[in-house]
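All remarks here apply to the structure that follows.
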Amino acid sequence: MTMATCITHSPEETFALGEEWSRSLRSGEVIAFAGDLGAGKTQLVKGIAAGLGYDRRVQSPTFALINEYPLTELSLFHLDLYRLETKQEILVAGLDEFLIEPKGVTLVEWPERWFGPAFFELNEAKSGFVAAPETGVRRVFLETLGGNERRLVYEDIGV
Ligand SMILES: Nc1ncnc2c1ncn2[C@@H]1O[C@H](COP(=O)(O)OP(=O)(O)O)[C@@H](O)[C@H]1O
Ligand SMILES: [Mg+2]
């Protein structure tokens, strides 16, 4: 697993990055998107879903907690843990099966709710995460730099 950083300058550019990432996804993998509201987490998910051939509406499951996008090749789960404050609440909601060795690919927004905020802490140079990687989880940290600029720091397994 290698680290990468990039800056995108438009929603389309972020979407295209998601499309590119979709080619490297394997069933059982979790991609965790951390970042403030409007940072572009859902925009990346949209690109990934489109890259996998899903051509319908994608939006954060803020109230539903989970969306499943049916695909022929694999199951794609989209979680939004914003409304769940503790790990216990996530367990009670029955979402752990999508976070631990999922039977498909899980894309999760507000993953700190499950993994804890320290897991997404960046080092001072902002070129990587402080915490060690976790098997089966790819971290993506998004930051709004201003206007349409977004900085993405992520673990890249390469295509
Ligand atoms: N470079 C960029 N990448 C992603 N989104 C961008 C970018 N520039 C502007 N935006 C806008 O920022 C918003 C991101 O929203 P969204 O993806 O829903 O964020 P989140 O899910 O992190 O709350 C959208 O309105 C999008 O058009
Ligand atoms: Mg979102």
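Read the numbers this way: they start at 1 and go in the same order the structure lists the ligands and their atoms. Residue numbers run from 1 in the order of the sequence given.
- In the model, Arg138 has a side-chain atom that pairs as donor or acceptor with a side-chain atom of Ser24 under 3.5 Å.
- Counting heavy atoms under 4.0 Å from ligand 1, residue Glu109 touches it through the side chain alone.
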With side-chain contact (heavy atoms from CB on, under 4.5 Å) as the criterion, how do Arg139 and Phe141 come out once you've worked through the C-alpha distance, each side chain's angles and the decisive distance to 0.1 Å? CA-CA 7 Å; Arg139 284 174 287 193; Phe141 187 88; over 6 Å; no
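- Taking hydrophobic clusters as Ile, Leu, Val, Met, Phe, Trp and Tyr residues chained together by side-chain heavy-atom distances below 4.5 Å, Leu17 does not share a cluster with Leu145.
- Note on Leu74 and Ile48: same hydrophobic cluster, where clusters join Ile, Leu, Val, Met, Phe, Trp and Tyr whose side-chain heavy atoms are under 4.5 Å apart, directly or indirectly.
- Minimum-distance N/O/S atom of Glu109 relative to the Mg ion (ligand 2): OE1.
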Could you walk me through whether Thr14 and Gln43 pass the side-chain contact (heavy atoms from CB on, under 4.5 Å) check? CA-CA 7 Å; Thr14 300; Gln43 190 64 19; 4.0 Å; yes
Using a 3.5 Å cut-off and no angle test, enumerate the donor-acceptor pairs between side-chain atoms of residues 103-120 and protein atoms at least two apart in sequence or in another chain.
unit_1	atom_1	unit_2	atom_2	d
Thr106	OG1	Phe98	O	2.7
Glu109	OE1	Thr42	OG1	3.0
Glu109	OE1	Ser60	OG	3.2
Glu109	OE2	Thr42	OG1	2.7
Glu109	OE2	Ser60	OG	3.2
Glu109	OE2	His78	NE2	2.7
Arg113	NE	Tyr82	O	3.3
Arg113	NE	Leu84	O	3.1
Arg113	NH2	Tyr82	O	3.0

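- Near Asp36, meaning under 4.0 Å from any of its heavy atoms, are these atoms of ligand 1: 22 (O).
- By the 3.5 Å distance cut-off applied to N or O atoms, Gly35 is not counted among the residues near ligand 1.
- Evaluated for a side chain to side chain contact (heavy atoms under 4.5 Å, CB included) with Val140, the options Asp156, Val153, Ile31 yield exactly one hit, Ile31.
- Other residues, nucleotides and ligands contribute only 12 or fewer heavy atoms inside 6.0 Å of the CD atom of Glu101.
- Distance from atom 15 (O) of ligand 1 to its nearest protein heavy atom, with residue and atom name: Gly38 CA, 4.0 Å.
- Nearest protein neighbour of atom 19 (O) of ligand 1, counting heavy atoms only, is Gly40 N, 3.2 Å.
- Atom 9 (C) of ligand 1 has its nearest heavy-atom neighbour, among Leu145, Asn148, Leu37, Thr144, in Asn148.
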Under the side-chain contact (heavy atoms from CB on, under 4.5 Å) rule, what do Val92 and Glu89 come out as? Steps first, then yes or no, please. CA-CA 5 Å; Val92 168; Glu89 283 179 26; 5.6 Å; no
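- In the candidate list Thr8, Thr42, Leu44, Thr42 is nearest to atom 21 (O) of ligand 1, counting heavy atoms.
- Of the listed options Lys46, His9, Glu149, Arg150, Arg150 places a heavy atom closest to atom 12 (O) of ligand 1.
- Distance from atom 5 (N) of ligand 1 to its nearest protein heavy atom, with residue and atom name: Pro11 CA, 4.0 Å.
- In this comparison of Gln59, Gln43, Glu12, Lys41, the heavy atom closest to atom 22 (O) of ligand 1 sits on Lys41.
- By the 4.0 Å heavy-atom criterion, Val45 is excluded from the residues contacting ligand 1.
- Under 2.8 Å from the Mg ion (ligand 2) lies no N/O/S atom of Asp80, from backbone or side chain alike.
- Proximity of atom 25 (O) of ligand 1 to the protein is not indicated, since no non-hydrogen protein atom lies closer than 4.0 angstrom.
- Below 4.0 Å from some heavy atom of Ala39 lie the following atoms of ligand 1, by number and element: 19 (O), 22 (O).
- At most 12 heavy atoms of other shown residues, nucleotides or ligands fall within 6.0 angstrom of atom CD in Glu73.
- If you put the vertex on the Mg ion (ligand 2), OG of Ser60 and OG1 of Thr42 sit 70° apart, to the nearest 10°.
- Protein heavy atom nearest atom 3 (N) of ligand 1, with residue, atom name and distance: Thr14 OG1, 2.5 Å.
- Connection of Leu25 to Leu152 is established within a shared hydrophobic cluster, with ILVMFWY side chains joined at heavy-atom distances below 4.5 Å, either directly or through further cluster members.
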